Structure formats: structure tokens, C-alpha cells
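Counting starts at 1 for both ligands and their atoms, following the listed order. Computed from a predicted model, the values in this text were never measured in an experiment.
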Amino acid sequence: MTKTLLVTGSSGLIGSEVCLHFGRELGYSVHGIDNNQRAVFFGPQGDTRWNQERLGRELKGFRHWELDIRDRAGILALVKSLRPSAIVHAAAQPSHDRAAAIPFDDFDTNAVGTMNMLEAARAACPESPFMFLSTNKVYGDAPNRIALTELATRWDYADPAYANGISESFTVDQSLHSLFGASKAAADMMVQEYGRYFGIPTCCLRGGCLTGPNHSGVELHGFLSYLVKCNLEGREYKVFGYKGKQVRDNIHSLDVARFLAEFAASPKVGEVYNLGGGKANSTSILEAFKLAESYTGKAQVYTYVEQNRTGDHICYYSDLRKIRAHFPKWDITQSLSDTVGQIVESWRRRPRV
Ligand SMILES: NC(=O)c1ccc[n+]([C@@H]2O[C@H](COP(=O)([O-])OP(=O)(O)OC[C@H]3O[C@@H](n4cnc5c(N)ncnc54)[C@H](O)[C@@H]3O)[C@@H](O)[C@H]2O)c1
């Protein structure tokens with residue numbers, strides 16, 4: 001019998017990659033929920049309709065549902081009618097900085113929307129893996145307390161305990177999260193609880209920077225995608241604090257989708273994984289400028305603002321040892337450099353907004 005996948009946020013970076021991967025490579029029948037809320041959060045630059053249309057063209061049998069995850073009755077009815085074999089929940093208000101201006105939209109989407117999905121799953125398909133895209137912002141700014149060393153173009157951990165990065169046992173409370181980090185942490189706890197309390201095979205993936213050619217990058221979300229877009233258009237990129245040496249680890253959306261496929265095949269209950277590019281795919285903003293320039297031949301135009309973004313990580317890269325130990329067949333396949341090359345190509349192909 002054909003397996004069915006339900007993806008929320010299907011027109012977004014992760015959702016669309018997951019739809020294509022499960023549909024084409026694994027033969028799932030794929031249903032996506034998205035209402036282009038990204039355009040409401042970020043304006044026309046965040047519009048994801050182009051990606052929804054791409055899915056319609058490229059994925060045979062793809063079924064789009066124009067639904068808001070805040071619509072509790074609508075979500076329950078759809079999940080009951082589909083009884084999917086697996087759920088990937090990737091719809092969100094995804095911006096750390098945007099959340100303070102829209103606190104109710106942020107919480108209703110991230111925390112309550114996740115509850116709607118969890119309850120619908122419990123009612124309709126409690127045996128199906130439920131995979132939630134959480135975030136490394138659940139750790140708040142606590143990683144900034146780790147002793148750092150300043151190198152020529154980046155910060156790095158001075159404490160050898162973090163030589164492999166931040167692990168899943170890192171504290172999630174008593175630090176500054178941003179409203180986004182707190183609403184995602186609420187959802188993350190609930191997803192774990194539906195695993196432990198009800199026995200549903202859930203996982204929380206605490207993402208570093210998730211990236212790839214199909215991101216609709218905007219200043220407030222989608223670091224590499226937006227940086228490359230600025231480079232190509234000669235648009236000014238604003239660096240906020242930390243001398244531009246702040247470090248993020250970047251993972252290609254394909255490697256996220258490949259992980260989700262592994263989890264769906266061998267699910268566990270109430271698990272938490274840090275999912276990022278790890279140290280090998282980490283970059284500072286200054287280093288990312290150089291990488292983009294190496295593909296485009298254009299000098300990055302940028303200004304430096306002394307004030308860092310509230311609660312922004314100075315140095316963050318994921319410790320991938322737990323995820324690799326639990327899923328030895330999975331690993332990073334897309335290097336940072338290749339990923340930037342793909343993002344450059346994608347912006348060149350896309351119509352200007
Ligand atoms: N991209 C990153 O760097 C990153 C990092 C850590 C965690 N995450 C998490 O991964 C997930 C996917 O991120 P992304 O980068 O693909 O984001 P994205 O904005 O590209 O995709 C999210 C999609 O969800 C849709 N959406 C938002 N609110 C909705 C609602 N109420 N109802 C229906 N659809 C709605 C949007 O229109 C958008 O198409 C999110 O949960 C995000 O918090 C992303």
C-alpha cells in the first residue's frame with residue numbers, strides 16, 4: 001500500500017524539500033499544508049507561491065491544502081481524513097527578530113499550531129512518526145556564556161568541552177530566547193511530551209541554520225539565502241555586532257530531508273536531535289561573504305552596525321554525535337561551499353521580486 005506523508009509548511013524551504021524527497025525517492029503520496037503565511041510575516045520578498053507552483057509541476061500527485069495550522073477544526077478534519085503514515089511539521093513563524101512585533105501570531109503559529117497538529121495526530125494516527133522542526137534558539141543565549149576565542153575571521157569555543165559543538169543536553173532555560181525561541185521551546189516540550197506521555201514516535205530537530213537553493217531568504221530569516229541575494233543584487237547587507245565573526249552551522253535542506261526519511265523508517269519515541277551542519281559546515285558572516293564572492297565575482301556590499309541582534313548567538317555549531325550514533329547511515333552530504341553555489345544559481349534563475 002502507498003504510504004502517505006503530510007507536510008506542514010510545504011511551500012517553504014524544508015517543507016518543499018521533504019515533499020520532493022519522500023515523493024520522488026521513497027514513493028510516498030504527498031500532501032502539503034501551506035497558506036503562504038511567510039508573505040504575511042515578511043512581505044512580498046517572503047512569498048512562497050513560486051515554490052508551491054514548483055511542487056505542483058515537479059511532484060506528480062502532489063496535493064496542496066490551503067489551510068492555516070491555527071485552524072484547529074480544519075487541521076483535525078484533514079488529518080482524520082488522510083490518516084498519514086508520517087507527519088513532518090515545518091510550518092512556523094521562523095524569525096527570532098520578527099516575533100516581538102507579532103507576539104500573538106508567533107505564539108499561535110508556533111506553539112498552538114503545533115498543539116493542533118499533535119492533537120490531530122493523536123486522534124487520527126498515533127502510530128505514525130511525527131517529526132517537528134524545532135530550533136537551536138530553544139537554548140536561548142546560554143551558548144554565549146561559553147568561553148570563546150577570537151580568530152582572524154570568526155569566534156570559536158575556547159572550552160574543549162565544546163570542541164564538537166553544542167549537544168542536546170545543553171540547558172534550555174534561564175536565558176534570553178526571544179519570543180520566537182520561547183514559542184518554539186513550548187512546542188518542542190509538547191512534541192517530546194506527546195512522545196513520552198502518549199507513546200507517539202515523535203522527534204524534535206533543533207536546527208542550526210537550515211538552508212538551500214529553495215529558500216525565500218529575507219533580512220529577518222534565511223541567513224545564507226539572503227546574504228547571497230544581497231551579493232548578487234549589489235544590495236547592502238547589514239552586519240549586526242560581534243565584528244561579523246558570529247558563527248552559524250549550515251545544513252542543506254536535502255540533508256534535513258534525508259534525515260527525516262531515516263527517522264520515518266526507524267522511529268524512536270520523544271527524541272531530540274541537534275541538526276545542523278556541524279563544525280565542518282560552519283561559517284562566520286565575514287567568511288560567508290568571501291564564499292559568495294568566490295561564486296559571483298562580485299564584492300559584497302555591507303555596513304556594520306555595532307549593536308548585535310537581541311539574544312543572537314556569537315558562536316553556535318551543532319554537536320552531531322548523537323544523531324550520527326542513532327542513525328549511522330545518515331550524514332552530511334552537501335558541503336557548505338556546494339550549497340552556496342546552488343543558492344547562487346537558484347537566485348539567478350528566479351524572477352526578481
Ligand atoms: N531556516 C532555518 O534556518 C531554520 C533554523 C532552525 C529551525 N527552523 C525551523 O524549520 C522549519 C522550517 O523552516 P523554513 O526555513 O523552511 O521556513 P519557511 O518560512 O521557508 O517555511 C515555512 C512555511 O510555513 C508556512 N506557514 C507559516 N505559518 C503557517 C500557518 N499558520 N499555516 C500554514 N502554513 C504556514 C509559510 O508560508 C512557509 O511557506 C520552521 O519550523 C523553522 O522554525 C528553520
Visitor: When you measure from the side chain of Gln93 to the backbone N and O of Ser95, does any donor-acceptor pair fall under 3.5 Å?
Guide: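 Yes, Gln93 side chain to Ser95 backbone: donor-acceptor pair under 3.5 Å.
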
Visitor: Counting only N and O atoms by type, is there a donor-acceptor contact under 3.5 Å from the side chain of Ser81 to the main-chain atoms of Leu78?
Guide: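 Yes: the side chain of Ser81 pairs with the backbone of Leu78.
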
Visitor: Which atoms of ligand 1 are found less than 4.0 Å from any heavy atom of Ser134?
Guide: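 Answer, ordered by atom number: 6 (C), 7 (C), 8 (N), 9 (C).
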
Visitor: Give a yes/no verdict on whether any heavy atom in Ser216 is under 4.0 Å from an atom of ligand 1.
Guide: no

Visitor: Ignoring hydrogens and angles, state whether a donor on the side chain of Tyr194 or Glu119 is under 3.5 Å from an acceptor on the partner side chain.
Guide: yes

Visitor: Measuring from the heavy atoms of Asn51, does anything fall under 4.0 Å of ligand 1?
Guide: no

Visitor: What do you reckon, does Thr109 have a nitrogen or oxygen under 3.5 Å from a nitrogen or oxygen of ligand 1?
Guide: no

Visitor: Is there a donor-acceptor contact under 3.5 Å from the side chain of Asp188 to the main chain of Cys204?
Guide: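 Side chain of Asp188 to backbone of Cys204, a donor-acceptor pair under 3.5 Å: no, none is there.
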
Visitor: Taking atom 25 (C) of ligand 1 as the point of reference, which of Leu224, Asn214, Asp34, Asp108 owns the nearest heavy atom?
Guide: Asp34

Visitor: Heavy-atom contacts under 4.0 Å between Ser253 and ligand 1: side chain, backbone, both, or neither?
Guide: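 Answer for Ser253: neither.
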
Visitor: Is Gly222 near ligand 1, meaning one of its heavy atoms is under 4.0 Å from it?
Guide: no

Visitor: Is the closest heavy-atom distance from Gly113 to ligand 1 below 4.0 Å?
Guide: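 False for this residue.
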
Visitor: When you measure from atom 27 (C) of ligand 1 to each heavy atom in Ala187, Ala92, Gly9, which option holds the nearest one?
Guide: Ala92

Visitor: Regarding Asn110 and Ser183, is there a side-chain donor-to-acceptor distance under 3.5 Å anywhere?
Guide: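 Yes - a donor-acceptor pair under 3.5 Å links their side chains.
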
Visitor: By the salt bridge (charged side-chain N to carboxylate O under 4.0 Å, His left out) test, which pairs, at least two apart or in different chains, include something from residues 276-287?
Guide: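 Passing the test, one end in residues 276-287: Arg154-Glu287, Asp156-Lys279.
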
Visitor: If hydrogens are left out, which of His215, Lys184, Arg70, His221 has an atom nearest to atom 42 (C) of ligand 1, that is, the closest non-hydrogen atom?
Guide: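 Among His215, Lys184, Arg70, His221, the closest heavy atom to atom 42 (C) of ligand 1 belongs to Lys184.
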
Visitor: Parallel under 30°, tilted from 30 to 60°, perpendicular over 60°: which one fits the rings of Tyr157 and Tyr317?
Guide: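 Tilted, since the angle between the ring planes falls between 30° and 60°.
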
Visitor: Using a 3.5 Å cut-off on N or O atoms only, is Ile69 in polar contact with ligand 1?
Guide: yes

Visitor: Among all protein heavy atoms in this structure, tell me which lies nearest to atom 19 (O) of ligand 1, with the distance rounded to 0.1 Å.
Guide: Arg38 NH1, 2.7 Å

Visitor: Please classify the Asn110 to ligand 1 contact at 4.0 Å (heavy-atom distances, strictly less than): side chain, backbone, both or neither.
Guide: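 Neither part.
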
Visitor: Look at the aromatic rings of Phe180 and His96 and report parallel, tilted or perpendicular, splitting at 30° and 60°.
Guide: perpendicular

Visitor: Does any N or O in the side chain of Asn136 come within less than 3.5 Å of the main-chain N or O of Arg206, such that one atom is a donor and the other an acceptor?
Guide: no

